[in-house]
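Each remark here refers to the structure printed beneath this line.
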Amino acid sequence: YYTASTPVQRLSSEEQQGRHYLWLRFSLCRNEMLCRSHLMLQCHCSHVDLLRTHRCFFSQIKQFSQNYLPLRLLTRTSSACNEFGFYNGRGSCCSTTAVLRPSLHTPLIQMQCSRRRRTKLVDSILTGVANQHRAALWRWAANLDVMLARHKGVYEELCTRQVDQSIVDIIACDIPRTLTAHQQFGLDGPALPALRRLLHCYVLHSPEVGYAQGLSFLAAMLLLYFPLETEAFWMFVILMEHRKVRQLYENSQTGIVRICAALTHALPPSITAHMASQTVSVEIYAAGWFITLFCNFHCWTTVLVVWDMIWVSRSAPDTLLRLAWVLHCHYRGRILQQKCMNDLISFLHMQLPGEILHVDELRRALRKSRGVMPMLRGVQR
């Protein structure tokens, strides 16, 4: 069987390359199906719902083989990449992103914001952050310089230690699926060795968490904005420890189950009733959003807005729940139009992450959702 763990080689024919990516996508869907099955069993879903989920995934695989739909996300249609380093135009909608306002430059970044000022900063970030200022903003929000001063030489020492071979094999299977459309992480990408070392070192640094599916996306995202491995590693540690992302992966990802349950209770009654009538649970599709912090979305604007809010708001679960609630409300009409379970899961799991949501619409919806945050936090508790 040709799986994602098979070494990736450059193929001479475009048709053979497309076939290779097709089987790569099949392996990814298979692993996602197993992950969703595990979550559904934890939520005590019936075996009938589990069987329906499996049939839905197999129908998606059949659709892939007929029309090669996922190839627009995985294969290179052009030799040139955009300003974010992506092929196929991923992130092209980010050209409308506004430049960081002058009031948010050095004076505000250098001062320690109170909670009230930090809330205003979140609102200001929704007006737009220039990509060249994003690393500086994240660096300030994470207080990275203090962390680097406290742990000099720790990352270099971790790089010299050995990792259990079973974990090495798992990481080796996940790395070829991580941001495959980016020039740094595509075929023979120059950042792949750094990504592998960073994940190995985090397993040694936090053995109680270890490695879980989705962490490779988080590490790759940080390497894009922090090319120095030491800085990217400690940003990854801060993200896991201080932004509460670790809660999502501990105890067999029970945090994912909790946030999915909170989202289910917070959704509008019309969406909840429609999904219940189709026997579709939030865990089937939203778990993939949360474990990657929305890095699996095709619209890179959405991903960057989520990450900006996570670093500034200091709570990843709150930000993830807020954005998931906003997306469900924004696409309520199209969700209610899906009249069968297969169509509903296909839309939420495949079509919605591939949508190009205009940056202004997303920010406008996030601003309106600020008033529902107390309700979302209460439901999450």
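Side chains are part of it too, since the values below use all heavy atoms of this structure and drop only hydrogens, waters and symmetry mates.
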Could you go through the side chain to side chain contact (heavy atoms under 4.5 Å, CB included) check for Ser206 and Met240 one step at a time? CA-CA 10 Å; Ser206 300; Met240 297 294 293; over 6 Å; no
Please check if the side chain of [X] supplies one atom and the backbone of [Y] the other of a donor-acceptor pair under 3.5 Å.
{"X": "Trp289", "Y": "Pro353", "answer": "no"}
{"X": "Arg332", "Y": "Ile271", "answer": "no"}
{"X": "Tyr225", "Y": "Ala136", "answer": "no"}
{"X": "Trp325", "Y": "Leu267", "answer": "no"}
{"X": "His151", "Y": "Met147", "answer": "yes"}
{"X": "His274", "Y": "Ile335", "answer": "yes"}
{"X": "Thr180", "Y": "Arg177", "answer": "no"}

Does this structure show an ion pair linking Arg246 with Glu208, if we count only N-O contacts that are shorter than 4.0 Å? yes
From [X] [atom1] over to [Y] [atom2], what is the distance, rounded to the nearest 0.5 angstrom?
{"X": "Met309", "Y": "Thr319", "atom1": "CE", "atom2": "OG1", "value": "5.0 Å"}
{"X": "Leu204", "Y": "Gln162", "atom1": "CG", "atom2": "CD", "value": "9.0 Å"}
{"X": "Leu198", "Y": "Leu222", "atom1": "CG", "atom2": "CG", "value": "7.5 Å"}
{"X": "Leu215", "Y": "Ile291", "atom1": "CG", "atom2": "CD1", "value": "9.0 Å"}
{"X": "His242", "Y": "Trp311", "atom1": "NE2", "atom2": "CH2", "value": "10.0 Å"}
{"X": "Ile310", "Y": "Lys244", "atom1": "CD1", "atom2": "NZ", "value": "12.5 Å"}

[Y] side chain reached by [X] side chain, heavy atoms, under 4.5 Å:
{"X": "Ile171", "Y": "Val168", "value": "no"}
{"X": "Leu223", "Y": "Phe236", "value": "no"}
{"X": "Phe226", "Y": "Leu144", "value": "yes"}
{"X": "Val209", "Y": "Tyr202", "value": "yes"}
{"X": "Leu248", "Y": "Leu320", "value": "yes"}
{"X": "Lys339", "Y": "Leu344", "value": "no"}
{"X": "Leu239", "Y": "Met235", "value": "no"}
{"X": "His349", "Y": "Val280", "value": "no"}

Cys260 and side chain to side chain contact (heavy atoms under 4.5 Å, CB included): which single residue from Leu263, Ile256, Val257 fits? Ile256
Closest contact, heavy atoms only, [X] versus [Y]:
{"X": "Leu179", "Y": "Leu224", "result": "CD1-CD1, 4.1 Å"}
{"X": "Ala142", "Y": "Ile238", "result": "O-CD1, 3.4 Å"}
{"X": "Ile259", "Y": "Pro317", "result": "CD1-O, 3.5 Å"}
{"X": "Ala219", "Y": "Leu195", "result": "CB-CD1, 3.5 Å"}
{"X": "Pro190", "Y": "Gln184", "result": "CG-OE1, 3.3 Å"}
{"X": "Tyr249", "Y": "Thr292", "result": "OH-N, 4.3 Å"}

Is the [X] ring parallel, tilted or perpendicular to the [Y] ring (thresholds 30°, 60°)?
{"X": "Tyr285", "Y": "His328", "result": "tilted"}
{"X": "Phe290", "Y": "Phe294", "result": "perpendicular"}
{"X": "His205", "Y": "Phe233", "result": "perpendicular"}

Quick one, Ser216 with Leu199, criterion side chain to side chain contact (heavy atoms under 4.5 Å, CB included). Give me CA distance, side-chain angles, the key distance, then yes/no. CA-CA 7 Å; Ser216 59; Leu199 294 174; 3.9 Å; yes
May I ask you to check whether Trp140 and Asp145 show a side-chain donor-acceptor distance below 3.5 Å? no
Between Glu156 and Thr230: side-chain donor-acceptor atoms closer than 3.5 Å: yes
Do Ile170 and Gln213 pass the side chain to side chain contact (heavy atoms under 4.5 Å, CB included) test, and can you show the C-alpha distance, the side-chain angles, and the key distance before you say yes or no? CA-CA 9 Å; Ile170 296 174; Gln213 187 180 12; over 6 Å; no
List the steps, then state whether side chain to side chain contact (heavy atoms under 4.5 Å, CB included) holds for Met275 with Ile345. CA-CA 10 Å; Met275 293 176 61; Ile345 294 180; over 6 Å; no
